[in-house]
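A quick note: this is a predicted structure, and the numbers were derived from the prediction, not measured. Remember, it's 1-based here, ligands and their atoms both numbered in the order they're listed.
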Amino acid sequence: MPPNLPSLQPISAFPELAAAPLKVERGADLRALNTFGIMARARAYVQIHALQHLIELRQLLAQDAELAALPRLVIGGGSNLLLLGDVHGLVVHMCAEGMQNAGEDSDYRYLRAAAGSNWHALVEWSLQQGAPGLENLALIPGTVGAAPIQNIGAYGVELKQVLHSVTVYDWNSGEVVVLDNADCAFGYRDSVFKHVWRERGLVLELCLACPKDWRAQTGYGDLAAELAQAGIDAPNAQQVAAAVCAIRRRKLPDPAKLGNAGSFFKNPVVTRAQRTALQTVWPDLVSYLQSDGKYKLAAGWLIDRAGWKGRRMGAAGVHEHQALVLVNHGGASGAEIAALAAAIQTDIQGKFGVKLEMEPVTAGG
Ligand code: EPU
């Protein structure tokens, strides 16, 4: 976490007003709104293009008991979502886009981005602005608003290391609230938005703190190897971003071509004793020491070693280059993906005694 961040001017990248009034759509098709490409419909669906839309929605819910009784599902790019069937609820689609420079001090340059902005577009824009810090997180699918929910991370950097604050809309009070980095209680693929703010807060925008004393973070094995192979010794931020993009394009399927939601499971954390026991049977086990003395295991390695890489169950499959990624080969239902996931979980529990936890959020069905 960036230390001693100052308070910032309350300017906003999230638009105040929208061109058209809020529209509630019944039975909306969600297929293009989830990167697994699963066919499902929403009982009710609204697009939020500005703060005004949230205020209108809150007023509408106060008058419409049927709509108010529906569970709400907030979505951005739908890149960390598994739809198990139709959503018998109200889908709130955060579409508001915008990015802006939010000033600087002696240590940081601050950038703001509205929830519906594409995450990778923000990374590219930050580099064009001469504000490095987000480059290791290049090409992560999804929107800006989804990034803090699971504290996105890749190639040695997590969002929490470059985040100043998150502005949220509080459904309970109808107020706009700013949560500082520390308030977000970030952990590995975890934050306060999965817990106390889960039903309550909608992410409106992020403020990022890009360090002026920037240093390339190239410790992650794959990234170091990619840069070494390109003969780059002291990379600039653009070169780091390019290397990250090259690795991702090689290993991870493009959701536009093959439906997926990135890593399907979290990397499980085990005790030192469990890791030692596993290593005696599997000497090439991939594990990383954590600050609390426990070990994170590479779930992709476990699934690969258990023989699942490239396997299919119906139209659901395990990606051929990254066993941690489940894919939709075409027309898979959410239930088919979930059945494959359950079979993998049972097998990994049996072979390694390790419980795999799903990373994407599930809804519907
Ligand atoms: N591995 C295998 N076989 C596989 C996949 C991986 O043996 O099929 C081994 C690799 O050789 C490597 C280790 O497992 O030694 C780790 O693999 P990788 O570097 O690909 O990373 P990961 O732990 O599988 C995590 C994140 C990714 C992120 C990468 C890079 C999680 C759940 N996933 O994957 O995040 O891009 O590290 O930092 O933490 C995501 O969350 O959606 C995501 C893609």
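Here the protein heavy atom with the shortest distance to atom 23 (O) of ligand 1 is Asn267 ND2, 2.8 Å. The protein heavy-atom contact nearest to atom 3 (N) of ligand 1 is Asp304 OD2, 2.8 Å. Regarding atom 14 (O) of ligand 1, its nearest protein heavy-atom neighbour is Ala298 CB, 3.3 Å. Nearest non-hydrogen protein atom to atom 20 (O) of ligand 1 is Gln322 NE2, 2.9 Å. Of the protein's non-hydrogen atoms, the one nearest atom 36 (O) of ligand 1 is Arg248 NH1, 3.5 Å.
Under the 4.0 Å criterion applied to side-chain N and carboxylate O atoms, Lys266 and Asp190 are not assigned as salt-bridge partners. Between Arg312 and Glu320 there is no salt bridge, since no side-chain nitrogen of the basic residue lies less than 4.0 Å from a carboxylate oxygen of the acidic one. For the pair Arg305 and Asp284, the salt-bridge criterion is met [side-chain N within less than 4.0 Å of a carboxylate O].
When the heavy atoms of Gly156, Ser79, Ser263 are ranked by distance to atom 43 (C) of ligand 1, first place goes to Ser263. Of the listed residues (Trp308, Phe264, Tyr155), the one carrying the non-hydrogen atom nearest atom 38 (O) of ligand 1 is Tyr155. The closest heavy-atom contact to atom 9 (C) of ligand 1, among the options Tyr220, Tyr288, Trp301, comes from Trp301.
For atom 18 (P) of ligand 1, the nearest protein heavy atom lies closer than 4.0 Å.
Near Phe265, meaning under 4.0 Å from one of its heavy atoms, ligand 1 places the atoms 32 (C). Close approach to Tyr188 involves these atoms of ligand 1, each under 4.0 Å from a residue heavy atom: 31 (C), 32 (C), 39 (O). Each of the following atoms of ligand 1 lies closer than 4.0 Å to a heavy atom of Gly262: 42 (O). Below 4.0 Å from some heavy atom of Lys309 lie the following atoms of ligand 1, by number and element: 3 (N), 4 (C), 8 (O). For ligand 1, the atoms sitting less than 4.0 Å from at least one non-hydrogen atom of Ala154 are 36 (O), 38 (O), numbered in the order shown with element in parentheses.
Taking a 4.0 Å cut-off on heavy atoms, Arg189 registers as neighbouring ligand 1. Heavy atoms of Lys251 approach ligand 1 to within less than 4.0 angstrom.
Remark: the backbone N or O of Phe36 is paired with a side-chain donor or acceptor of Asn328 at under 3.5 angstrom. With Arg43 contributing its side chain and Ala28 its backbone, the two residues share no donor-acceptor pair below 3.5 Å.
Side-chain N/O atoms of Gln217 and Asn136 include no donor and acceptor closer than 3.5 Å. A side-chain donor from one of Tyr110 and Asp105 sits under 3.5 Å from a side-chain acceptor of the other.
Among the atoms of Ala323, some N or O lies under 3.5 angstrom from an N or O of ligand 1. The N/O atoms of Glu359, backbone and side chain alike, include one that comes under 3.5 Å of an N/O atom in ligand 1.
Counting non-hydrogen atoms of neighbouring residues, nucleotides and ligands closer than 6.0 angstrom, the CG atom of Asp233 reaches no more than 12 such neighbours. Residue-environment remark: NZ (Lys294) stays at or below the threshold of 12 foreign heavy atoms within 6.0 Å.
The cationic atom of Lys296 (NZ for Lys, CZ for Arg) lies less than 6.0 Å from the six-membered ring centre of Tyr188 and within 45° of the ring axis.
The distance from atom CG of Leu202 to atom CH2 of Trp171, rounded to the nearest 0.5 Å, is 5.5 Å. Atoms CG and OG1, from Leu278 and Thr280 in turn, are 7.5 Å apart once rounded to the nearest 0.5 Å.
Looking at Arg305 against ligand 1, nothing comes within 4.0 Å, counting heavy atoms.
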